[in-house]
K.L.:
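Please find one structure pasted underneath; my questions will follow.
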Amino acid sequence: MEYHFKEIEAKWQAWWRQNGTYRTGTGSTKPTYYVLDMFPYPSGAGLHVGHPLGYIASDIIARYKRLKGFDVLHPMGFDAFGLPAEQYAIQTGQHPKITTEQNIRRYREQLDKIGFSFDWEREIRTCDPSYYKWTQWIFIQLFNSWYNPVNAKAEPIDRLIRLFEEKGYQPQGEAFLSGNIESELQPFTSAEWMAMSEKEKSDVLLNYRLAYLSDAWVNWCPALGTVLANDEVVDGKSERGGYPVERKRMKQWSLRMTAYADRLLNDLEKIDWSDSIKDAQRNWIGRSEGSTICFHLVDSSGNPTSDSIEVFTTRPDTVFGVSFVTLAPEHELVDRITLPVYRDAVAEYVKIASNKTERERQADVKKVSGQFTGAYVLHPFTGELVPVWIGEYVLAGYGTGAVMAVPAHDQRDYLFASHFGLPIKQVIEGGTLEEEAYTDKSGRMMNSGFLNGMDVREAIPAAIREIELKGIGVGRVNFRLRDAAFGRQRYWGEPIPVYYKEGIPCVLDESELPLVLPDVDKFQPTESGEPPLARAVNWKHEGMYEYETTTMPGWAGSSWYFLRYMDARNDNAFVSAEALDRWKQVDFYLGGAEHATGHLLYVRFWTKFLFDLGFIQVDEPARKLVNQGMIQGVSAFVYRINGTSRFVSAGLRHEYETTPLHVDVSIAPNHILDLERFKTWREDLHQAEFILEEGVYKCGAEVEKMSKSKYNVVNPDDIIDEFGADTLRLYEMFLGPLEQSKPWSTQGINGVFNFLRRFWRLYRVENGSCRLSEDQPSAAELKILHKTIKKVEEDVDRYSFNTTVSAFMICVNELNELKCDKRAVLEPLVILLSPYAPHIAEELWHLLGHGESVTCASFPQWREEYLVEQEFEYPVSINGKVRFKLNLSLQLSKEEIEKQVLDSNETGRYLTQPPKKIVVVPGRIVNIVV
RNA sequence: GCGCAUGUGGCGUAAUUGGUAGCCGCGCCAGACUUAGGAUCUGGUGCCGAGAGGCGUGGGGGUUCGAGUCCCUCCAUGCGCACCA
């Protein structure tokens, strides 16, 4: 009987659904294994062939682990809040809830066709109130917590309040501060604390809360009308949509992720993630060690004042080379210190700088700009007067927003000094300084007072010691990582569970959750520029207090979803203690590398926070992470001759002035354009004429990201229709190593399809059963089986699925050659194949007479004794060159092999002198060195 | 500029991790069979060469009896970060 994939796949997909085959066990005593995919955002375009790549790989692992006796948690859900649904809503008035619902239904249909073993009873959607209730709950925990640097963990804010009540706050007790706290706190005593108003207390506490409201510089995207996090800005443009982004100061909810910078960095060592992801995170966190130094400002007669500028430097050793100090244009001291003569020029410079978008600033990187303020500071060691400048190259958000400029040993300072004719003072021997700064961290100190004669490596700690001794600064670690902006001026997101009572932000009580997203009449911002939620009518806490109108960012819901799957239907807790105890953390996490500095950092942050408060037992979300490569699309192009409706074939296009145009890959099979379909493809192409080459129109090809706008999307449904889901699954795995990006191509898919047909034929299906022999298999047959079992097992352990598919093909070829029809060989083979091609395996398993799903089978054990070769053909090489081959027993010892090689007739033909040395690798090779 | 990957036949790739480079699949060539197919089967297929043989894993150098694999160096491509003091 033929292999009818359509019937088989429909039949078993229905059967699995009816029988709840993939429901995760609860009371089982089996060991557990948690396999997680990054859940998709359900976009309107549907799944393309790139999406399932990772899902197939993780499904193989999940099914394999089940066969190996594990209780496997393998859930799926939808990251359902997000911009595209909202943009669509703004354009059409369609509620994003409805579009999202439709898209999810479509995704689900597509996923079901591929035969995944997801436990859909645990499905979660981030936009579901029963889910975001707990996202809001976690926000409340963040608001009610601070980071205690003494214990290096988050603690309830009540504990800090008690400390204030008992001891007040002294600046020396810096221990209370954490992260990049922006405002300088004034010290207060416990009595002063008690005397503060509620509002004053609230303001102080906001400096400590892990979710806090502050005036902050944000990435503002006018086109989207919202604030974006740093990882959502790419090249000065929004990640979604590519709109320009500018800097803006706003009242803004943020999460104090910087408090966790150290742990996020150090704990990378204890997780099994790829080097590239870890490096990207290290880079993003950007730890650098150095020290702060205070420079006192002087008055008009040159006497020191109480005002000072604090700088951060990683090169305190070069402090004697300081020839000016530069402030960021946004620095708070700029107004205060600028001399009247320079006021206009400085105001002008600050205005130009602040009006620039992020993108313009980046484009101007090479251009030096700056302005003198007229102010001077005292050099803390030499007492010399040092001019104070402002310059765009100094960033307000990093360090202290001020730098000490050492032109001789820092390239940016060098360019600045050269441009404005400021002195360049060498303090380290070496380098010429004629062309560029000498920035090596080695060499002997000169012109540097107490540091003279030291090497740079000694000078750095020595300088910090002296700076601390003089009380003008402290050794400090700085991070590039910023706190995460958490409010979005959008509708389609989780409402932030905060209301304002006399200007004081208050969080809702747990019992009041979820704070459900209210309906609004329109989805754009209000006329006064308020977020869309400001349109909600009668939406007030206790009928009187205004709610926060920004919503949470897209990454909020995905920062803890892995926990919710453990206990997805719990109404009383975000996850129960029993479920946590059972599953603990993700054993295998699979997803795209593009989330390296976004989702993958946020989810680690939230996990650590929940761990600190004792809600969970692990402080990392996933033990093992694998990034699947992207499947790119191969776009097809036609070339329109400028100003005409004539199109020229790719090979001839250089003879004309042309404009390339994306054309849908479906009307250009094998990159040969279907002229008739092209003409009807779009209205404006009816009149198209063509210049052909070799009788056809050849399209240009380019590998690009698969996307609707590039007309290069390949839908998995089409492949399934033609070849079946099992072929799709095997083919996607066969395409190449999982982690490698590759362009989609169906070249060779029929090789995989033919393999499945050959596999099917092996089982001799007739009239509803397999006509197999019950005889004992031969040694050769057993060897093929056990070799395959071993290979499949080894490959899955190193996520090498493409080689496994090859191993299956070899196995079938060899069994075919032997005309093997032994049940004892063919039955275990079905189990082996079932993770890869579950439908055909399930069908055969039942045809072999089993009533239960193949999922309930156990993975066969390979046995060494079937694999051992008694004889081995040894290539014998002389000086590395293979000369002859000898059949020798593998049982022989190294010495015996050597002896037999030398005694063989063959050696005489090649050896004219006694060998110097013989190298034997048993089972491999013999090499004779002469 | 810094960091991380990756370079192997016409193509996708493999190589037991230092041991006969090119498994498996696509494509191609030749043949068989046939109710002419997107079918099945057999043989062949890295390059040069009629052949013996020679050359071959981005280039160059090194270590080793032996290198796709290890070391140095250069080149190319992809990704990430980037005025971070």
Side-chain angles (χ1 to χ4, degrees), chain A residues 234-235 274-284 286-288 290 311-315 318 326 328 361-362 364-369 391-395 397-406 409-413 415-416 478-482 593-594 596-597 627 629-630 632 703 722-723 730-731 734-737 739-743 745-755 757-758 761 790-791 794 800 802-813 816 873-883 885 915-921 923-930:
Chain A
V234 177
D235 290 336
S274 73
D275 283 343
S276 57
I277 292 284
K278 287 188 185 183
D279 270 315
Q281 294 209 347
R282 283 191 194 107
N283 217 315
W284 190 260
R287 181 191 148 98
S288 56
V311 303
F312 173 75
T313 179
T314 57
R315 297 295 301 275
T318 62
T326 318
R361 274 208 192 188
Q362 281 177 1
D364 289 348
V365 162
K366 291 279 176 290
K367 235 164 60 191
V368 178
S369 78
E392 259 190 285
Y393 79 96
V394 181
L395 304 175
Y398 182 78
T400 59
V403 300
M404 59 175 219
V406 185
H409 306 289
D410 179 281
Q411 187 57 25
R412 293 164 314 235
D413 297 342
L415 289 173
F416 197 92
N478 242 317
F479 294 95
R480 206 187 68 95
L481 183 76
R482 308 297 155 84
E594 67 272 19
T597 53
N627 303 112
M630 228 192 300
Q632 295 130 318
V703 173
E722 219 175 331
F723 298 100
L730 280 170
Y731 182 62
F734 186 63
L735 221 45
E739 303 192 48
Q740 194 172 296
S741 287
K742 51 232 156 190
S745 138
T746 44
Q747 296 265 304
I749 193 166
N750 53 47
V752 171
F753 183 60
N754 287 340
F755 155 74
R757 295 172 16 137
R758 282 206 302 280
R761 247 180 276 136
K790 186 170 183 226
K791 176 74 175 157
E794 283 169 355
S800 175
N802 55 330
T803 53
T804 315
V805 180
S806 294
F808 282 132
M809 291 179 176
I810 294 168
C811 174
V812 168
N813 288 347
N816 253 328
E873 192 176 60
Y874 277 84
V876 179
S877 65
I878 296 172
N879 281 349
K881 184 166 211 88
V882 177
R883 293 296 181 181
K885 289 174 183 179
K916 274 188 206 150
K917 190 173 158 190
I918 296 189
V919 184
V920 175
V921 182
R924 298 277 164 77
I925 195 169
V926 176
N927 188 48
I928 299 173
V929 186
V930 292

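Below, chains carry the letters A, B, ... as their sequence lines are ordered, and counting in each starts from 1.
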K.L.:
Considering every strand and a 4.0 Å limit on heavy-atom distances, what is the contact class for A:Asp279: base, sugar-phosphate, or nothing?
P.N.:
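Result for A:Asp279 = sugar-phosphate.
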K.L.:
How many Å lie between CZ on A:Arg758 and P on B:A39, as a whole number?
P.N.:
13 Å
K.L.:
May I have the distance from A:Glu739 (atom CD) to B:C4 (atom C1'), rounded to whole angstrom?
P.N.:
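It works out to 13 Å between those atoms.
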K.L.:
Relative to the ring of A:Phe753, is the ring of A:Phe723 parallel (under 30°), tilted (30 to 60°) or perpendicular (over 60°)?
P.N.:
perpendicular
K.L.:
Taking only the C1' atom of each, what is the distance from B:G22 to B:G68 in whole angstrom?
P.N.:
11 Å
K.L.:
Within a strict 4.5 Å, meaning less than it, do heavy atoms of the A:Pro737 and A:Asn802 side chains meet?
P.N.:
yes
K.L.:
Which nucleotide in the list B:G38, B:C24, B:A85 gets nearest to the side chain of A:Met809?
P.N.:
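Side chain of A:Met809 sits closest to B:C24.
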K.L.:
In whole angstrom, what separates A:Met630's CE from B:C79's P?
P.N.:
8 Å
K.L.:
What integer number of Å spans the C1' atoms of B:G43 and B:G7?
P.N.:
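After rounding to an integer number of Å, I get 34 Å for this pair.
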K.L.:
So, do A:Leu415 and A:Tyr393 sit near enough that their side-chain heavy atoms are less than 4.5 Å apart?
P.N.:
no
K.L.:
To the nearest 0.5 angstrom, please state how far the CZ atom of A:Arg761 sits from the CG atom of A:Asn816.
P.N.:
7.5 Å
K.L.:
Describe the nucleic acid contact of A:Ser288 in one word from base, sugar-phosphate, nothing, applying a heavy-atom distance below 4.0 Å.
P.N.:
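Counting heavy atoms under 4.0 Å across all strands, the contact made by A:Ser288 is with sugar-phosphate only.
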K.L.:
Quick check: on RNA chain B, is the nucleotide nearest A:Arg757 upstream (toward 5') of the one nearest A:Ile277, or the reverse? Name the residue that is more 5'.
P.N.:
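The residue mapped nearer the 5' terminus is A:Ile277.
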K.L.:
If I pick the P atom on B:G19 and the same atom on B:C79, what distance separates them, to the nearest angstrom?
P.N.:
33 Å
K.L.:
Using the C1' atom as the point on both nucleotides, what is the distance between B:A67 and B:U17, in whole Å?
P.N.:
12 Å
K.L.:
Among B:C81, B:G25, B:A85, find the nucleotide with the atom closest to the side chain of A:Val403.
P.N.:
B:A85
K.L.:
Can a side chain N or O of A:Arg282 be found less than 4.0 Å away from OP1 or OP2 on B:G80?
P.N.:
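No, because none of the side-chain N or O atoms of A:Arg282 sits under 4.0 Å from OP1 or OP2 of B:G80.
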K.L.:
Measure the distance from CD on A:Glu392 to C1' on B:A85 and round it to the nearest whole Å.
P.N.:
16 Å
K.L.:
With rounding to whole Å, what would you report as the distance between B:C26 and B:C4 at their C1' atoms?
P.N.:
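The answer is 32 Å between these two C1' atoms.
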K.L.:
How close or far is atom P of B:A14 from atom CZ of A:Phe808, stated in whole angstroms?
P.N.:
17 Å
K.L.:
Looking only at the side chain of A:Phe734 (C-beta and beyond, no hydrogens), which of the listed nucleotides B:A82, B:G12, B:C26 gets closest?
P.N.:
B:G12
K.L.:
A:Gln411 CD to B:C2 C1': how many Å, rounded?
P.N.:
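Distance check: A:Gln411 CD to B:C2 C1' gives 14 Å.
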K.L.:
Could you please name the option among B:C26, B:C81, B:U40 that lies closest to any side-chain atom of A:Arg761?
P.N.:
B:U40
K.L.:
Can you find a side chain N or O atom of A:Tyr393 that sits less than 4.0 Å from OP1 or OP2 on B:A85?
P.N.:
no
K.L.:
Evaluate the side-chain contact (heavy atoms from CB on, under 4.5 Å) criterion for residues A:Asp413 and A:Met404: first the C-alpha distance (whole Å), next the side-chain angles of each, then the deciding distance (0.1 Å), finally the verdict.
P.N.:
CA-CA 9 Å; A:Asp413 297 342; A:Met404 59 175 219; over 6 Å; no
K.L.:
Could you give the CG-to-C1' distance, from A:Asn750 to B:C26, as a whole number of Å?
P.N.:
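It is 8 Å, rounded to the nearest whole Å.
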K.L.:
CD1 of A:Ile749 versus C1' of B:C26: gap in Å, rounded?
P.N.:
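It is 12 Å, rounded to the nearest whole Å.
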K.L.:
Under a 4.5 Å cut-off applied to non-hydrogen side-chain atoms, are A:Tyr731 and A:Val805 in contact?
P.N.:
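Side-chain contact under 4.5 Å: no.
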K.L.:
If we take the C1' atom in both B:G31 and B:C75, what is their distance in whole Å?
P.N.:
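Result for the C1' pair: 46 Å, nearest Å.
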K.L.:
Dot-bracket, 5' to 3', for RNA chain B please: Watson-Crick or G-U pairs under 3.5 Å, [ ] where pairs cross earlier ones, | where the partner sits on another strand, dots elsewhere.
P.N.:
(((((((..(((......[....)))((((((.......))))))(((....)))..(((((..]....))))))))))))....
K.L.:
Syn versus anti for B:G10, judged by chi lying within 90° of 0?
P.N.:
anti
K.L.:
Measure from the side-chain heavy atoms of A:Val919 and tell me the nearest of B:G19, B:C83, B:C24.
P.N.:
B:G19
K.L.:
How far does OG of A:Ser800 sit from CD of A:Glu739, to the nearest 0.5 angstrom?
P.N.:
10.5 Å
K.L.:
Taking for each residue the nucleotide of RNA chain B bearing the nearest heavy atom, is the 5' side occupied by A:Glu722 or by A:Asn813?
P.N.:
A:Asn813
K.L.:
How is A:Tyr731 classified with respect to the nucleic acid when contacts are heavy atoms under 4.0 Å: base, sugar-phosphate, or nothing?
P.N.:
nothing
K.L.:
Using a heavy-atom cut-off of 4.0 Å across all strands, would you classify A:Asn802 as base, sugar-phosphate, or nothing?
P.N.:
sugar-phosphate
K.L.:
In whole Å, measure the gap between the C1' atoms of B:C70 and B:G66 for me.
P.N.:
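B:C70 and B:G66 have their C1' atoms separated by 13 Å.
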K.L.:
I want to check something: taking the side chain as every heavy atom from C-beta on, are A:Gln740 and A:Leu735 in contact at a cut-off of under 4.5 Å?
P.N.:
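Side-chain contact under 4.5 Å: no.
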K.L.:
Checking understanding here: a glycosidic angle within 90° of 0 is syn, the rest anti, so what is B:U20?
P.N.:
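Glycosidic conformation of B:U20: anti.
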K.L.:
Any salt bridge between A:Asp279 and A:Arg282, counting N to O under 4.0 Å?
P.N.:
yes
K.L.:
For atom C1', what is the distance between B:G54 and B:A50, given to the nearest Å?
P.N.:
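My reading of the C1' atoms in B:G54 and B:A50 gives 15 Å.
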K.L.:
Using a cut-off of less than 4.0 Å, is there contact between a side-chain N or O of A:Ser741 and OP1 or OP2 of B:G78?
P.N.:
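Answer is no, no contact under 4.0 Å.
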K.L.:
Would you say A:Arg758 and A:Asn813 make side-chain contact, with heavy atoms under 4.5 Å?
P.N.:
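Answer yes - side chains close enough.
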K.L.:
A:Ile810 side chain: which of B:G38, B:A85, B:C24 is closest?
P.N.:
B:C24
K.L.:
Kindly point out which of B:C41, B:A14, B:C4 is positioned nearest to the side chain of A:Ser276?
P.N.:
B:C4
